[in-house]
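Here the structure is laid out as structure tokens; the discussion comes afterwards.
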Amino acid sequence: MFVAIMGYGVVGSGVANCLKQNYNHIKENSVPEGLEVRYILDLRDFPGDPFESLVIHDLDTIIDDPEVKIVVETMGGLHPAYEFVTECLKSGKSVVTSNKELVAMKGYELLLTARENNVNFMFEASVGGGIPLIRPIISCLAANEITEVAGILNGTTNFILTKMINENMPFDEALKIAQSLGYAEKDPTADVEGIDACRKICILAALCFGRHVYPESVHTEGIRNITLKDVEYAKKWGGVIKLIASASKTGDGHITASVSPAFVRNESQLAGVNGVFNAALLRGNAVGDVVFYGQGAGSMPTASAVAADVIDCAKHTCCRKEFGWKASEEGFVIPYDDFVSPFYIRGNADAEKVASSFSNVQFIENAPGEFALITPPVSVKELKSKLDGIDGIGSVIRVTDY
Ligand code: HSE
């Protein structure tokens, strides 16, 4: 069976290599007729590359070839990925993507288009890179009502926070190292500001809770404002600061969804996820908590998930895999103001003034000119009103119970 790849970057080249390297294994175990890359669509040429002869520059070559049944989209970005994927699906080809922006923004529409054309649209690599997450949710955990999903879904920010926690390294220095190692982009905004993690939690929330969740409905904070002082107080409290993307059912048909730095207890399975590794915790009403851990980025780990989807498509050319979610609905994600959690507050304000506005607080530090405390659970709205007009609040960070 023949496959085309659109976008020959880090992931696309990984997919080409993975399918070639494991050709015999895949043929013997999964797809008896074999899986071969026939075209690689890219704007660029790749002289000297082992796949140089497969490079094309025109989508029609793929669309017009009836032997290409599966197309991999690893271009990234929304446009023209959305248009190209739509055209492939409409021409009767299954599509596999690693593109989280595409799935977070257009997943509902593309799943519908796939259904209308009786083909598959799969995106295992779009959330946890090489970590199996989507198939476990739609298959292995299908008998559970999932009540909560929470994860460390961005390797770059986790690498930076790990440096801050383990080596007392300031944010800017850690970011520079992440960039020099190729983890963070030259413009690291999407990673550092939580945008990448937001797209991923949107996809998980849609799968777990049944409706499309758009990134703009998800409160998103990055890690730029985390200081070494906060890291130190988290240690004193008995935990670490992680960038947590989470979503949970509220019990009345709505969900919460957010991305923000958060205090995580040392005993939590998420606390030990270090460096560029990712993890996701799923809370099911039958299974309890399950945690998935592994490499959330990188050429071959991501290619592993893409290639697995390609194999699944190859095994389901006659019958599509039925999965998806409903359209988005206004108010499905509750406003962040209604989100309830304990919070860590640090500052040089009048500690007693801050503490006395809550029923009880747990002090981590209460020294002249500096305090750090944990509040009882409060809504964000309540928290804002209690801190309104108080000068000298340094940091406010969510505290989790994972
Ligand atoms: N920039 C992302 C990360 C890559 O650091 O996790 C995978 O989405």
Side-chain angles (χ1 to χ4, degrees), residues 7 9-15 18 72-78 81 96-107 122-134 149-165 171 174-207 215 218 220-224 226 241-246 259-262 270 273-281 292-309:
V10 173
V11 180
S13 58
V15 175
C18 181
V72 169
E73 185 278 305
T74 44
M75 303 157 69
L78 203 48
V96 172
T97 185
S98 60
N99 183 340
K100 49 247 160 193
E101 187 176 3
L102 179 71
V103 184
M105 293 303 292
K106 300 285 187 186
M122 293 189 185
F123 40 86
E124 181 64 71
S126 67
V127 178
I131 309 171
L133 275 176
I134 291 174
V149 51
I152 294 168
L153 301 179
N154 182 268
T156 303
T157 43
N158 203 45
F159 175 87
I160 294 171
L161 288 172
T162 304
K163 286 274 177 205
M164 293 175 77
I165 294 162
F171 172 87
L175 172 59
K176 271 192 198 124
I177 296 178
Q179 282 172 314
S180 72
L181 291 172
Y183 300 143
E185 306 293 328
K186 244 194 198 138
D187 174 5
T189 314
D191 292 314
V192 166
E193 302 296 348
I195 297 162
D196 177 72
C198 172
R199 291 172 181 146
K200 293 168 178 170
I201 197 66
C202 287
I203 301 169
L204 286 181
L207 278 166
V218 177
T220 302
E221 274 173 65
I223 62 165
R224 232 182 247 284
I226 301 296
I241 299 176
K242 294 287 181 189
L243 184 69
I244 298 292
S246 64
V259 177
S260 70
L270 296 181
V273 177
N274 289 322
V276 283
F277 277 78
N278 284 195
L281 176 150
F292 297 84
Y293 169 86
Q295 297 188 58
S299 181
M300 288 308 264
T302 310
S304 150
V306 174
D309 276 350

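In this text, all values refer to a predicted model and were calculated from it rather than measured experimentally. Start at 1 with the first residue, then count along the sequence. Values below: all heavy atoms of this structure, side chains included; hydrogens, waters and symmetry mates excluded. Just follow the structure's listing: the first ligand is 1, and inside any ligand the first atom is 1.
If you look at ligand 1, the protein residues with a non-hydrogen atom under 4.0 Å away are K100, N154, G155, T156, D191, D196, K200, G296, A297.
With 3.5 Å as the limit, one finds no donor-acceptor pair spanning the side chains of E221 and S260.
Using a 4.5 Å heavy-atom cutoff, the side chains of N158 and K242 are in contact. You'll find the side chain of L161 reaches within 4.5 Å of the side chain of M164, heavy atoms only.
Judged by distance alone, with hydrogens and angles left aside, the side-chain atoms of N278 form no donor-acceptor pair with the main-chain N or O of G128 at under 3.5 Å.
Residues meeting the side-chain hydrogen bond (donor to acceptor under 3.5 Å, both in side chains) test with S126, sequence neighbours left out: none.
Tested against E73 for a side-chain contact (heavy atoms from CB on, under 4.5 Å), the candidates V96, L102, V11 yield a single pass: L102.
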